[in-house]
Structures are given as C-alpha cells and as structure tokens.
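Shown next, in structure tokens, is the structure this report addresses.
Chain letters run A, B, ... following the sequence lines, proteins first, then strands; residues in each count from 1.
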Amino acid sequence: MTMSQKILAKKAGLTEVKAGQLIRAKLDMVLGNDITSPVAINEFEKAGFAEVFDKEKISLVMDHFTPNKDIKAAEQCKRCREFAAKHRITNFYDVGEMGIEHCLLPEKGLVKPGDLIIGADSHTCTYGALGAFSTGVGSTDMAVGMATGEAWFKVPAAIRFNLSGKLSRNVSGKDVILHIIGLIGVDGALYQSMEFGSSSGAATGEGLASLTIDDRLCMANMAIEAGGKNGIFEVDEITTEYIQATTGGRSCEAFAPDSDAEYSRVIEINLSDIKSTVSFPHLPENTKTVDEITEKIKLDQVVIGSCTNGRISDMKAAAEILKGKKVAPGLRCIVIPGTQKIFLECMELGYAQIFVEAGCVFSTPTCGPCLGGHMGILAKGERALATTNRNFVGRMGHPESEVYLASPEVAAFSAVAGYIAKEND
Amino acid sequence: MKAQGLAHKYGDNVDTDVIIPARYLNTSDFKELAAHCMEDIDSGFVKKVQKGDIMVGEANFGCGSSREHAPIAIKESGISCVIAASFARIFYRNAINIGLPIMECPEAAKAINADDKVSVNFDTGEITNETTGGRFQSEPFPEFIKEIINAGGLVNAVKSKM
C-alpha cells in the first residue's frame, strides 16, 4: 500500500485497502473557515445534531474575509463564534489569534504524521507535508464530520514523485510544485494522491532531505491545483524535529509506503534542474520558467503571502531581496504574513521595517486578496503577480484582471522591477 | 428518476471561482448565491436558465475551491443535472452530498451542444440527446453513493442510520 492507503486502512480499522474501495474512516481533525463553516453549521443544526463528536478535534479559523470586510462577512463570523461558544470548541481562532488556517494549524501542533484530517477548504491538503492524510471537502462533509467524527472516502491511487538533487539559490518549493503542475496539468493527479519521497539514488542531504518544512508545506498545499486528492511527504528527521517543536512531543504514528506499493505513475524530479517558474493566466498549469519570459510583463500589484507562501521563510526570502530597495513607481506591493507568530517574527527580525521602508504595505494575517475577498482587489485590466495558488478568471477581482503565480523570490524581484523579473533584471 | 431540459454548454476546467465568485461568498443564502451563478463566464446564464435544464462541461468540471456554494448555486438556479467528461473530486463529493445529480460521460459531454434538448435517466445512467438522437451510457454510481443520493444527501443518509 501507498502511504495514503496505509493511513486510510488504519483509520477505517482495516488491514488492507485498495484503490477505488469506498470506506468510512475515523477523523483526527475537522477544519472549517469563516466562509465554509456557516454553511456547515446550518446543515448541522438543520439535521438536529445535538453535540459535536469531540470539541478538541474541530478547528474553526476566521481567516478569509477577516477582519470582517463587510456586514455580511461579520454576520458569518458571528455565526461561527456563537457555535464555537455553544459547543465549547477548543480550537476556535478569531481576529487577534487567528492566522491563515494552513499556516496556523501546523504551527499550533494541531496536525501531525499519520493523522486523518478533513477541512472545508481545498488547501487542507497542505498538512500532507507532515505525513498526514489530509484533504479538502465541502461544508456537508464538515457538518457530518463534526457530528460523527467520520467521513467517507474513495481510496485513491497514487502518483509517486522521487526527488533527487537540491534546489539552487533563489529557487524554492513553490517553483518545484509549479513545475510539476506544468508537467502533469491541472487534472494530472485527478482523484489521486501525490506522494513525495527521495529517489533511491539520492545522495545524502539531497532529495527530500534538502527540502525544508516550509518548502514541503508549500508543495503539498498546491496538490489540489493538479487535481490531487492529497499531497503527502514521507516522514524524516526534519519532520520529526518540527513535530517535536510544535506539539511538544505528542505521540504520533508515522507511516512509510510499502516497498511493493503500486503507483499509477512514477515521476523523477531532480531538484537541481528546477528553475524559477511562473504560472500565466488563467490556469496554474500555464507555466514558463522566468528565463523563458522574453517580453516585459508590466505589473500593477504584487502580493506576498497566503496559505501557500505566507510562512517565515517566505517573508525572509522577500525581505532579503527588498532590503534597501524601493517598490517600482506605480506598483502596489502587499505583504501578508500567515499568522500572528510570523507577524511578530517579522518585527523581531526587522523584516516588517524592510517591507514598509521599501514601500510595501504589511498586513495583519488574512486570506484577503488571494480569493478576491478584500485587501487588494484588482480593477478591470489590472495585472498582479502573487505568491498565491490560483490564477483563475476573476480570482483576485475583476473578471478581466490577470494573476500570475510565482515564488516570494520572483515576487520581490518583480516588485522592485515593476515587471516580472529575476535577479539582476 | 429522470430529468429533461435544455443544455448549457461549457468547456474544460470550469472552476468554482467562475461558478460562484468569492466576492459573493459573504452569504450562505442559497437564492442569493444562485443569482450570481456562472456570472464571470456566462453573464446571461441566470436570466436564461429554466427549471430542469442541464449543465454540460468537459474535463475537470468544478476544479478549485472546496466551496459547497458552487454546487448549491447550480442546483438552486434550477439545473437538474450536470454532465461532464470528468469532475474535480471535491466538487464531485459536494454534489453527491447535497443531492445534485452529476454524470461522468466524456462522449456525451463532447457531443452535446448548447441548447440541445437532453434527457437523462439516473437509474440506468443513460443520456439521450433528443435534438440529435444521440444516446450515451454513463457509469452508474456504486451502491454506497446511490444510498446517499436516494436519501437526499449525506446528512439524511447519516441521520437515517443514527
């Protein structure tokens, strides 16, 4: 069995599962945000469920339209707040404590290897970076999950990614996952797991071992953009150290794939070959390396942040490039750290000052502009480069605006240049 | 169970952001969501759609966000069934969980044009293009999923077993 299959089998109380099999399995965490939870709460109450299955295994994070962007958004948060209070939900994160959910839950130690997690947010696949089976669902699944602690799954087949080599300077996990989506397409992993581990030939310290937790979280985050059911990384010393730090050593069970695990496809990725990559509108699969871009693509806005790239290493990468520089005239640069903790670290490390002095705005955590919610909406005909995860039509604002996806490094170089750029442009 | 209506035809990768843009997600009101269904790729859809009509897409229909607001907006707008060459998996789950019938059939998705009269038989999985006479067979749902659909969605299916 693959890693994902082993976790699903364990949680379903079965010794073995096969791709395509329909199972019911026990959940370790059920997540929702301020957009999806109100619909789930309505379903929960309409169905007459009296109690939640476990108040410590539900996380409600008010991150999408917060701090409340309008009256309707405020009503949605109020609904979640009241539900959380009524059911004494332990992990309710409101303004002041909240962060972007997929930055926040790993940081709080709420997700760990071997867990089975569902979240009413498509980027719930992020936690696979830590060796969990974690997948996005809708509000009805969330409602039933909160009531019963169970969900139904179709056991996925898997694509195996064997990693070797190590990333070059100014190249990060974002470039790897954009490269992969360009390679297999936005439905290349439809209904399947994307399992990442080292190639058997990888040298010591290369392949998986060369990727930081932030690289892995970023890559697993975008598995959904290749149609994947989940992204999952093998557990190694880097994972164990991270989990030790975030959970204080709570027990967990790491699963490794069987040596005879069956994969629908095996793809070799040499990290040394990966170059800075940009996804052009309006699909994440429309990729080009920065070197392949010959025209000057002028930008109106740059956004650095999101559940994909709002972590401290992303802030560091951007700050080091923006230090002592100025954002190009006529360009707006919005920097959004993923959590309150990351916000504080940016202050302590001087990044916040670098951003403001460069002419960026430095914001409280929010999903905000990524989904065209607030805090940086585009007008008709405007063009943004963002470290976010989707560049669909109308994603960041007007249906005739454009979003290009890239790494924090490319975003920072581009913010200074005023057009999509690499170092020394 | 059967459905019949005119086809609203779309291409590959119809994403949840065009089905219901995030700027309208500050509400959970089904009617309000339906009023903006497909707005960013087909601004005339809401005015044109009639109760019972059928939506047809090609590959990877419903890709993107997990927002259940997307199948809700489609269902509430009056659409009786979505036919596509393939569905993104969260959309697939959500549609089943809320009781919006969906059918995966690449041949039908390709052969049906906008405004064709289409009928579907959910029990047999048969899709008929009444305008051209074309008939197509989609894979019927497994028992487990049929149970959810017959109960009228996941919440009812779970409640009936508690």
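- For chain B, the nearby parts of D141(A) are the backbone and the side chain; heavy atoms of each come within less than 4.5 Å.
- Geometrically, K159(B) engages F49(A) in a cation-pi contact, judged by NZ or CZ lying under 6.0 Å from the ring centre and within 45° of the ring axis.
- Interface residue I224(A): only side-chain heavy atoms are found under 4.5 Å from chain B.
- Contacts between residues 61-72 of chain B and chain A, counted as heavy-atom pairs separated by less than 4.5 Å, involve C63(B), G64(B), S65(B), S66(B), R67(B), E68(B), H69(B), I72(B).
- Proximity to chain B (any heavy atom under 4.5 Å) is shown, for D34(A), by neither the backbone nor the side chain.
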Audit row: D54(A), K26(A), salt bridge (Lys or Arg N to Asp or Glu O under 4.0 Å) steps and yes/no:
CA-CA 12 Å; D54(A) 186 336; K26(A) 294 208 177 303; over 6 Å; no
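- A donor-acceptor contact closer than 3.5 angstrom links the side chains of Y24(B) and E39(B).
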For the pair E43(A) and T140(A), evaluate side chain to side chain donor-acceptor pair (under 3.5 Å) and give the outcome as yes or no after the intermediate values.
CA-CA 7 Å; E43(A) 288 295 317; T140(A) 298; 4.5 Å; no
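- In this structure, the portions of V155(B) lying under 4.5 Å from any heavy atom of chain A include both its backbone and its side chain.
- The heavy-atom pair separating L178(A) from S279(A) by the smallest distance is CD2-OG, 3.5 Å.
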Take L14(A) and Q21(A), measure what side-chain contact (heavy atoms from CB on, under 4.5 Å) needs, and give me the verdict at the end.
CA-CA 12 Å; L14(A) 301 167; Q21(A) 190 176 341; 3.9 Å; yes
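- Contact of V137(A) with chain B is made through backbone and side chain together, with heavy-atom distances under 4.5 Å.
- In this structure, the portion of L283(A) lying under 4.5 Å from any heavy atom of chain B is its side chain and not its backbone.
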Mind running salt bridge (Lys or Arg N to Asp or Glu O under 4.0 Å) on E75(A) and K72(A) for me, showing each step along the way?
CA-CA 5 Å; E75(A) 296 290 346; K72(A) 285 180 177 175; over 6 Å; no
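- With D115(B) as the partner, the side chain to side chain donor-acceptor pair (under 3.5 Å) test is satisfied by one option alone out of H8(B), K48(B), K9(B): K48(B).
- Interface remark: of the candidates N60(B), N156(B), N94(B), I148(B), N60(B) forms the most heavy-atom pairs closer than 4.5 Å to chain A.
- A cation-pi contact, defined as under 6.0 Å to the ring centre and within 45° of the axis, is absent between R93(B) and F87(B).
- Both the backbone and the side chain of I35(A) come within less than 4.5 Å of a heavy atom in chain B.
- S306(A) and H123(A) are not linked by any side-chain donor-acceptor pair at a separation below 3.5 angstrom, with hydrogens and angles left out of the test.
- T388(A) and R395(A) form no side-chain donor-acceptor contact under 3.5 Å, judged by distance and modelled atom types alone.
- Counting heavy-atom pairs closer than 4.5 Å to chain A, the top residue among T27(B), D17(B), D40(B), I41(B) is D17(B).
- The candidate from V18(B), I145(B), I98(B), I90(B) with the greatest count of non-hydrogen atom pairs under 4.5 Å with chain A is I90(B).
- Proximity to chain B (any heavy atom under 4.5 Å) is shown, for T124(A), by neither the backbone nor the side chain.
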